[in-house]
Amino acid sequence: MNNVPEPMLRISGLTKHFGGLPALAMVSFDIAPGKVTALIGPNGAGKTTLINCLTGVIPPDQGSIIFRGSNIAGLPAHRLARLGMARTFQNVRIFPRLSVLDNILCGLTIQTGNSFFPALLRTPGLRHRERKLRLKALEALDAFKLAGKADLPAGALPYGDKKRLEMARAFVSQPLLALLDEPVAGLNPEETAQIAALIRQLRLAGQTILLVEHDMDLVMTISDHVVVLDGGRGIAQGSPDSVRRNPLVLEAYLGRMSSTA
């Protein structure tokens, strides 16, 4: 009897060309539910292109992206958000003039409804829904250790707090799949440890995560499965331990890192 769960997301033969050059060439891998899957590779390996294909920023030229049984390849980002997919960005994208709390509430827009008349008349039902969303946003701020800064303008936060704010906004809607694009880029060791602890907590809570990251210490300590790209092609995948010992990975990405490190 097969007890292996169906993948949350299955990528098969994903291909994308720019100006005739392949940015992705027949990339295939699965993302298991409730696990952290890491996507690594040198600069120019195709990681950003793959994430952009997954999140509806650009359409793939070929291949399928099966999310919970449906092919989502080519769907726009707003439809993917409604299906339960969220992402963060390598370069922090927040609304600097809005408060920290209002930034989090922006992550709940898909739950606010779109009826004109309740909004115009400020019906009791609408006010009740707004109170529930505000409470959910405050809970997210508390979970990501930003509760004491709810009323500050987001642009006034230190860089590490901005990273946590973007993560809180991504997770407040309780997505089925979260894509984290270099969440510790630019952070110091203490801030990196804080983000790592948050990702571990999310995984323990059953969250499915695709992590794109250059910090190999982070990848190897918090990931369940690692996928390696080089030149737009998948060259290896497996457990962190097997990937760090793969000679193709050592040559293409990890350089002279000891296989026993």
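The model shown is predicted, which means the values in this text are computed figures rather than measured ones. One is the number of the first residue; the rest follow in order along the sequence.
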Residues M167, I199; criterion side-chain contact (heavy atoms from CB on, under 4.5 Å); working and verdict: CA-CA 10 Å; M167 285 185 63; I199 294 174; 4.2 Å; yes
Whether T15 side chain and M26 backbone form a donor-acceptor pair below 3.5 Å: yes
ILVMFWY network linking L108 to I94, side-chain heavy atoms under 4.5 angstrom: yes
Q237 side-chain N/O to D30 backbone N/O, donor-acceptor pair under 3.5 Å: no
pair L54-I11: side-chain heavy atoms closer than 4.5 Å: yes
Heavy atoms from other residues, nucleotides or ligands near CZ of R233 exceed 12 (cutoff 6.0 Å): no
Pair K136-Q174, side-chain contact (heavy atoms from CB on, under 4.5 Å): steps then yes or no: CA-CA 10 Å; K136 184 179 288 190; Q174 298 178 315; 4.3 Å; yes
L218 reachable from F89 in the ILVMFWY side-chain graph, under 4.5 Å edges: no
V27 and V227: CA distance, side-chain angles, deciding distance, side-chain contact (heavy atoms from CB on, under 4.5 Å) verdict: CA-CA 10 Å; V27 175; V227 178; 5.6 Å; no
Side chain to side chain, L9 and L210, heavy atoms closer than 4.5 Å: no
Pairwise side-chain contact, I40 with L211, heavy-atom cut-off 4.5 Å (strictly under): no
Side-chain donor/acceptor of N103 to backbone N/O of F95, under 3.5 Å: yes
Residues that N71 engages under side chain to side chain donor-acceptor pair (under 3.5 Å), provided they are two or more places apart: none
Y159 reachable from L98 in the ILVMFWY side-chain graph, under 4.5 Å edges: no
Side-chain touch F67/L75, heavy atoms, less than 4.5 angstrom: no
Counterpart residues, side chain to side chain donor-acceptor pair (under 3.5 Å), relative to D161 (two or more places apart): K149, R164
Close side-chain approach of L179 and V212, heavy atoms under 4.5 Å: no
Main-chain N/O of V36 paired with S223 side-chain donor or acceptor, under 3.5 Å: no
Shared hydrophobic cluster for I66 and F29 (ILVMFWY, side-chain gaps under 4.5 Å): no
Residues that T88 engages under side chain to side chain donor-acceptor pair (under 3.5 Å), provided they are two or more places apart: none
T208 side-chain N/O to G34 backbone N/O, donor-acceptor pair under 3.5 Å: yes
Non-hydrogen side-chain atoms of L80 and R87 separated by less than 4.5 Å: no
V219 side chain near D215 side chain, heavy-atom distance below 4.5 Å: no
Steps toward side-chain contact (heavy atoms from CB on, under 4.5 Å) verdict (L198, F144): CA-CA 7 Å; L198 288 170; F144 283 83; 3.6 Å; yes
Side-chain (K47) to main-chain (L229) donor-acceptor, under 3.5 angstrom: no
Heavy-atom side-chain contact between M85 and L83 under 4.5 Å: no
Shared hydrophobic cluster, V172 / L133 (ILVMFWY, side-chain heavy atoms < 4.5 Å): yes
